[in-house]
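The analysis underlying the following values was restricted to heavy atoms, covering all of them including side chains, and did not include hydrogens, waters or symmetry mates.
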Amino acid sequence: DSKQLHTAKAAAEGLMSAWIASRGFTGAKMILEGSQGLATGTSTDSDITRLTDGLGKRWCVLETSFKYHASCRHTHPAADALLAAMQQNNLDTADVDSVVCHVHQAAIDVLGPVTNPETVHQAKFCMAATLGLIATHGKAGLREFENVLTDNSALSFLDRVSMQLDDEVDASYPNKWIGKVTVKTKDGALVQARVNDPKGDPGNTLTREEIDAKARYLAQSSGAMTASGTDQLMSVLWDVRTAKSVPYLIQQESVK
C-alpha cells in the first residue's frame, strides 16, 4: 500500500504547510542550501547551483508523463503496442496465442519476478496480467485491476506473455520508452507493432479531456468526493491561472 501512501502523504504535507504558514508558523529560511539544510545533511558534494539551473527557461512540468494505465510504468510501452497490434489487425482476445514483449533491462528486473500475482498490487507489476487486461478490456485502469484476480480472460495471458531484451529499446531507455511486441495469432500468423512514445509521455501526452476524465474518476473512485464537488473543483483548477487568489478550492460539504 506504500505506493498510494507516498503521493497522499506528499499532498497532505503540502496542505498542512500552507495551512500553518497562513497562521504564522515559521521555520528555517534556507531549508535546501543552508549550512544545516537538506543538501548538507544528505550529501558531501552537493551542487547548489542545480537548484536554479534553467530557472525561468526550462519548464520540467512539460517533461512530466501522465500515467494512462494503473500499472507499473514499465508495462506501458508494451501495453500500448499490444493495443495497437490488436486494433490495427482486428484481433480479439481469443485470437492471441502468445505475445513477446521486446523490452529494456529495467522492465525485466522490475516485472520479471511477478509471474503469478496473488494481489491486485502484484498484478500491477506483472506484464502478463496488465497485457491480459489490455487485450480483454482495451484498458488497464483502477476498475479493471480491482477485478483482475477473478478475471479469467485476463489471467489466461499469464501463460501467453513473455519478455525479451531488445537492444534498441534498451539503448533508448530512459530517454525514450519504446514499446515493441510480436503477437502470434491462433492461426500461426505473426503480427508486430511498436510505439515510440507511450500514451501519456510528453511526445504523446493526454488531451485535456483525458486528463479531466482521469482526475474526476480518481477523485470519486473512493467515495471521498461527491460528483458536484468534483465539478466545482475541476472548474476552478482549469481556470487557476487567471485566479487573483486561490482560496478554498472545494466546499466542505463536497468532501465526505
For the residue pair [X] and [Y], what are the closest heavy atoms and their distance?
{"X": "Thr7", "Y": "Gln4", "value": "OG1-O, 3.1 Å"}
{"X": "Pro117", "Y": "Cys126", "value": "CD-SG, 3.9 Å"}
{"X": "Val148", "Y": "Ala123", "value": "CG1-CB, 3.8 Å"}
{"X": "Lys199", "Y": "Arg73", "value": "O-NH1, 3.8 Å"}
{"X": "Thr75", "Y": "Ser71", "value": "OG1-OG, 2.7 Å"}
{"X": "Asp239", "Y": "Thr242", "value": "O-OG1, 2.9 Å"}

| message | Between Gln88 and Val191, does the side chain to side chain contact (heavy atoms under 4.5 Å, CB included) criterion hold? Intermediate values first, please. | response | CA-CA 10 Å; Gln88 293 167 7; Val191 173; over 6 Å; no

Working to the nearest 0.5 angstrom, can you tell me the gap between [X] [atom1] and [Y] [atom2]?
{"X": "Leu5", "Y": "Lys3", "atom1": "CG", "atom2": "NZ", "answer": "12.0 Å"}
{"X": "Asp212", "Y": "Leu206", "atom1": "CG", "atom2": "CG", "answer": "11.5 Å"}
{"X": "Lys180", "Y": "Gln164", "atom1": "NZ", "atom2": "CD", "answer": "9.5 Å"}
{"X": "Thr207", "Y": "Glu209", "atom1": "OG1", "atom2": "CD", "answer": "4.5 Å"}
{"X": "Met127", "Y": "Ile134", "atom1": "CE", "atom2": "CD1", "answer": "11.0 Å"}
{"X": "Met225", "Y": "Thr230", "atom1": "CE", "atom2": "OG1", "answer": "4.0 Å"}

Note, [X] side chain near [Y] side chain (heavy atom, < 4.5 Å):
{"X": "Thr182", "Y": "Leu190", "result": "yes"}
{"X": "Thr130", "Y": "Leu133", "result": "no"}
{"X": "Leu149", "Y": "Glu118", "result": "no"}
{"X": "Arg58", "Y": "Glu63", "result": "yes"}
{"X": "Cys72", "Y": "Lys124", "result": "no"}
{"X": "Cys101", "Y": "Ser162", "result": "no"}
{"X": "Gln105", "Y": "Tyr173", "result": "no"}
{"X": "Met163", "Y": "His74", "result": "no"}

| request: Could you give me the CA-CA distance, side-chain angles and deciding distance for Lys9 and Glu13, then say whether salt bridge (charged side-chain N to carboxylate O under 4.0 Å, His left out) is met? | output: CA-CA 6 Å; Lys9 190 68 163 59; Glu13 294 295 345; 2.4 Å; yes

Where the side chain of [X] meets the backbone of [Y], is there a donor-acceptor pair that is under 3.5 Å apart?
{"X": "Asn89", "Y": "Ala85", "result": "yes"}
{"X": "Asn204", "Y": "Asp197", "result": "yes"}
{"X": "Thr93", "Y": "Ala135", "result": "yes"}
{"X": "Ser235", "Y": "Gln232", "result": "yes"}
{"X": "Thr52", "Y": "Leu55", "result": "no"}
{"X": "Ser43", "Y": "Asp45", "result": "yes"}

Flag if over 12 foreign heavy atoms under 6.0 Å of [atom1], [X]:
{"X": "Lys67", "atom1": "NZ", "value": "yes"}
{"X": "Asp187", "atom1": "CG", "value": "yes"}
{"X": "Lys214", "atom1": "NZ", "value": "yes"}
{"X": "Leu51", "atom1": "CG", "value": "yes"}
{"X": "Gln36", "atom1": "CD", "value": "no"}

Is it the case that one hydrophobic cluster holds both [X] and [Y], taking links as side-chain heavy atoms less than 4.5 Å apart, direct or via other members?
{"X": "Ile178", "Y": "Val181", "result": "no"}
{"X": "Leu111", "Y": "Val169", "result": "no"}
{"X": "Trp238", "Y": "Phe66", "result": "yes"}
{"X": "Leu165", "Y": "Val161", "result": "yes"}
{"X": "Ile108", "Y": "Phe125", "result": "yes"}

If you look only at distance, which donor and acceptor atoms sit under 3.5 Å apart when one is on a side chain in residues 137-147 and the other is two or more places apart or in another chain?
residue	atom	partner	partner atom	Å
His137	NE2	Asp151	OD2	2.7
Glu144	OE1	Gly141	N	2.8
Asn147	ND2	Arg143	O	3.3

| task | May I ask you to decide if the ring planes of His69 and His76 are parallel, tilted or perpendicular, using 30° and 60° as cut-offs? | result | perpendicular

| field | Parallel, tilted or perpendicular, as decided by the 30° and 60° cut-offs, for the rings of His104 and Trp177 | value |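 Ring orientation of Trp177 relative to His104: perpendicular.
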
| said: Applying the side-chain contact (heavy atoms from CB on, under 4.5 Å) criterion to Asn116, which one of Leu155, Asp159, Leu158 satisfies it? | reply: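 Of the listed residues Leu155, Asp159, Leu158, the side-chain contact (heavy atoms from CB on, under 4.5 Å) partner of Asn116 is Leu158.
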
| task | Quick one: do Asp92 and Asp95 satisfy side chain to side chain contact (heavy atoms under 4.5 Å, CB included)? Show the steps, please. | result | CA-CA 5 Å; Asp92 192 71; Asp95 298 323; 3.4 Å; yes

| query | Out of Arg194, His102, Lys176, which residue meets the side-chain hydrogen bond (donor to acceptor under 3.5 Å, both in side chains) rule with Glu168? | reply | Arg194

